[in-house]
Every structure is written in C-alpha cells, then in structure tokens.
Amino acid sequence: MADGLTLRKEVSTLQPAELAALRDGYQKMMAFSGGDNRSWIYWAGYHGFPNFYCWHHGRTGFGDQQTYDLFLPWHRAYLLYFEHTVRDQDPAASVPWWDWTSGQSHTSGVPAAFSDPTAADGSANPLLQGPVPPIQGDPARQTLRFPGPPDQLPTANQVTALMGLGSFVDFTSQVQDLHDAVHGWAGGTDPANQQRSGDMGNIGTSAFDPIFWSHHVMIDRIWYLWQIQNGNDSIPQAYLSKPLSPFALTVADVLDIQQLGYEYAVSSVSAAGNSNA
Amino acid sequence: MSPKKFESVPLPSPESIDAARRAVVEFTGVDQAGPSYEARVFLNNPDAGPETPPTAEHGYAGSFHVYGYGLSPEGDPAGSARLPMRRSLVATDAVRRAAASGDAATVTVVPVLPGGGASAPDLLTADGVSIRAEDDGAPTPNP
Amino acid sequence: MAAKKYVSPTISLDPLDPDFHRADIEFHGVDHSGASFEAAVFLNNPGADETTAKEPEQGYAGSFHIFGHGGCLGDAGHCDVTGPPRPYDPRPAHPLTPAKKVVIATDAVRRALGEGPDVTVAVVPKVTSGTGRVDLEDVLKFERLAIVTYR
C-alpha cells in the first residue's frame, strides 16, 4: 500500500490470495521443529510456555515496587516481530484482525478462516489448530478449541465505551478485560470433560492457537483507535523507557504504528504534494 | 465451595457517586494461576449462583474475566508473573442502586467456566474488595 | 589434519600513506558458522603454518579469533543468511551475517614496508573448538582483506 506500509485487514475481508498467503506462512512455520527459531512453537513459546515473556494484569517489574501494565505495548511489539517472521516464509502475508464485535461473529462465532477444516485447495487448514510442544509430562499435540455461544462475545458498544476513557492505565485495564473474556470464550471448556479447556483460555498455551494472533491484532487495533481519540499523553512517564523484552523495543518505540510499518486504515489513497513544483 | 461472599462492604454515598464520574468495585489478591473464568459480581444478593440471571433485578453489577495461566504450580516457570492481581469493575448503576438503600452491601462473586454452565469451585481467590466512587481519569475540559 | 591456510596474491603497498600511526589488516565477510579457531596472520611468509613461531622475525602480524556457531542447529534453510532487511523490520540481522575482524598490525606493516613495495598475507587458522557437525579443515572463509593505515 502507499508509503510501503503493511495494511492489516479484518479476516473476513481478506481476498483469497491474501488468505492463502497467511495460511502458507503459518503452515511453513508449523512445519519447522520447535528448536528452530523460525518455527511456530518457538514464537508462540515467547508468550506463555516455556518463556512467559508476556505482560498481563498486575505484573511488577524492573526491580521497583511500582506495578506496570505493559500489556498493550508488549503485545504490539510481539505482533510486529511475529508478523515479520511470518513474512519471512511468505512475503505477501500479513496478520489480520478478528472483529469479534461484528454481526457475523455474533452470529457464527469463530470466523470460517479459522474453523474450516480445509483450505481452498483441500489441504488441511493451518489456521484451524497449531502444534503444542510437550509440557509438564503431556505429549506434543495440536491445540484445542471449545468456543462459547457467539452472542456472548463482547459487543461493539462495549468497545465504543472504552474510547471515552481518558487514562491510558484505565483504558488498559478495561480493554484487557474484554481481551480476557474473548480468550476464555474462544478456549472454552470441553463439554465432555469439564477438566479440559481449550488452549486459548490459558496464558500458558494460548499463543499456539492460530486465532490468538488475530485476536491480539484486534486488541492492538482498538488501542490504535483509542490513541487517535485520546493521544499518548496519559501514558505514565515511567513506562516510556521500559524495555519490551525480549524485543529490542521500548514502550516509546511502539506508540506510532506507522513508524512500525503498518496501518489499520480501511483504505487509503495518496497523492504527491507540491514541494517540488 | 460456594461463590465467594464479602459482607458489609462500605458503599460510597449517592452524592459522591453523582459528583464523580463512576463507581468501581475493586478486588485485590485475585489469583491468576489456574484456569480462566468469568467472575459475575452481584450486590446485595447473597444467594446468587451460576443460575442467577445476570440482570439488574438480581443485583448483577457486571463481570470481570480472569485469563489464567492454566498450568500446575509445580515447577512454575512464570514466577512473579503469576502473583495475585487487582481487578476492578465499573458498576456505577449497580452501586448507585445499592447506595440508595444502605451504606454497605454484600458483594457476591460467582465464578463461571468459559462457555457458561456449571460453577467452577475453588477457582476464585480474592482477599479483599472495596467499592468507591472515582473519576475515570478523563482530562478536565478546558474552561 | 591441519586446517587449510590462505595466502594472498602479491599486494602492492604503494598506495598506502607511509606516514601512519596505526595500520590495520581488516578481514571482511568472515564466516563464523563452523568451528572456533585462531587465525594467525603473517606478512611476507607464505610458507607459514601452524608450527611457525608467532614472532616478528617470522612476519607475524597478529591474530584474530572466531567464536563459531558449531554447525547448523535447525531445519533446512535455518542457516541461510537472508538479504537486506525489509523496510520497518526491527529484528537484528541474521546471526550468521558474516563478520568483520580487525587485526591491529602497525609494527608488522611498517616492517613489511621496509622490506619492499609488495607484501603477501598468509592466514593460518588453528581450530580451538569444533563439533561433529563442522568441517575442521576448511574453516577459514572470508570475502576480502584490506590493509588500512591511519594518520
């Protein structure tokens, strides 16, 4: 797109070639063994098991008593690195967001791109499930998903209400709750075995499920929309220099998505200016 | 284990709720080590359970969600990331209703597994709750 | 079997500024994917080998060291060094991006200049640590060398 920025789209609006590129990138990553730093298991493993780099509620850090909540900037950095890693396998791929507030989601639940058992060419759909390594004595397997009733997904009104929150810390807390709700909804509980839940429902294993990434792109987009309305001035000064380990980025580095090379505009056009006239 | 009850939780006055922008119910010490669940919060309904309709008539104030780590405590690799957390629920209307009839309320929290249905015993651990009126942090409009 | 050494063609030193306080021998595009080794650099001693004393009289100019990756520990393509990063890619370069090594060789270059207008550079690698995954003979690979002086 214009300016060389990657355009992240909603998953249901992907053209067939775009969806094929995403599936191609994911499938190639899933084919690598877990110790290969291009692999699905390697990159999902940054979030929960085995590395637990992710930031969620109530995490203290940096050797002081203040509680930081770097949930939004950390996941923005994570998505950025992950998307470039996918594009190493298929340069045409970009990670779409899943709008769980849409009418379609509230009717059908998980989008077809993530729930169809096969891709357009009849091959297994790599967006349906992802590989999980052996964990604490459990053998390697594929992810599980037991999504809840579609009408229990968060609504557009709930997201709209977040836009009026003027404090970044407050907004982070509230959007994180919607985020938590969708994780629980998407993972769900096995109706045949209440002791078994879907992987999206647990921090330890959620990133192995392909829908994790599109859920987080939706969260990142909501933050972007909030930034347009509210700016960045309410981010605590103490946050700005904090590193988003293990990525070579700080909070300040990830505040402008165009500086990071992507955009969420539904569409854009551009024209040359007159500075050379 | 039954849903968790906190009795005689002081309420802000109706005047303070009106003066502030909203009322918040805040829980401390919410454990996030185990599975994920929805925590439904009811005011002045000590008998609320998983089958209680989440409506204003039944004292429903709203829900918060716990996105748990989902791993066993043995050999916990997540370390300090799993320390108990603070969670807050914006519940202005429910708190206003409760404050209209008294200066304290019973807060009942009903944990429910994802997908709804049966209550999840032993899921919710929280060591305290407070209810307060607060500004939502929005910038003060220019005069 | 000893690792293979490198001997340069004859290099003219005429273009060098003779009034220098420091002279370096730079090695560009050095492969570090295999064994770890010391690379001893000799001027005007094309016959130098692992047994040659590292003395000025032997033309010894200094050494550089490679801390090798020990072979490819990944699936097919894991060790392929990719091209220039795409725009906005914040990730560091591929770990096997070839290295640049610099040997400060002021005295040796000055001595070589005193011997004549031309010089040969011999690089004698000696493996310090290898694994079963690496070639222990053909360890030294680099794109080019340069002799650089500074006033």
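Every value quoted in this text rests on a predicted model; they were computed, and no experiment measured them. Every chain is numbered from 1, with letters handed out A, B, ... down the list of sequences.
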Check: Between A/Arg8 and A/Asp220, is there a salt bridge with N-O shorter than 4.0 Å?
Finding: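 A salt bridge links A/Asp220 with A/Arg8.
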
Check: Are C/Asp135 and C/Lys141 within salt-bridge range, i.e. N to O under 4.0 Å?
Finding: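 Answer for the salt bridge query: no.
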
Checklist line | Greatest number of heavy atom pairs closer than 4.5 Å to chain C - which of A/Asp88, A/Leu80, A/Thr85 | finding: A/Asp88

Notebook entry, point to check: Which pair of non-hydrogen atoms, one from A/Tyr68 and one from A/Ala238, has the smallest distance, and what is that distance?
Noted result: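 Nearest pair, atom of A/Tyr68 first, then A/Ala238: CE2-O, 3.8 Å.
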
Margin query: Would A/Tyr46 and A/Tyr81 count as a ring pair (Phe, Tyr, Trp, His ring centres under 6.0 Å) here? Give the steps.
Written below: CA-CA 11 Å; A/Tyr46 272 20; A/Tyr81 272 61; 8.3 Å; no

Checklist line | Side chain, backbone, both or neither of A/Glu83 within contact of chain C (heavy atoms, under 4.5 Å) | finding: neither

Notebook entry, point to check: Out of C/Pro87, C/Pro85, C/Ala76, C/Gly74, which one racks up the most heavy-atom pairs below 4.5 Å with chain A?
Noted result: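 The option with the most such pairs is C/Ala76.
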
Notebook entry, point to check: In terms of heavy-atom proximity below 4.5 Å to chain A, should C/Pro90 be classed as side chain, backbone, both, or neither?
Noted result: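 Contact with chain A: backbone and side chain both.
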
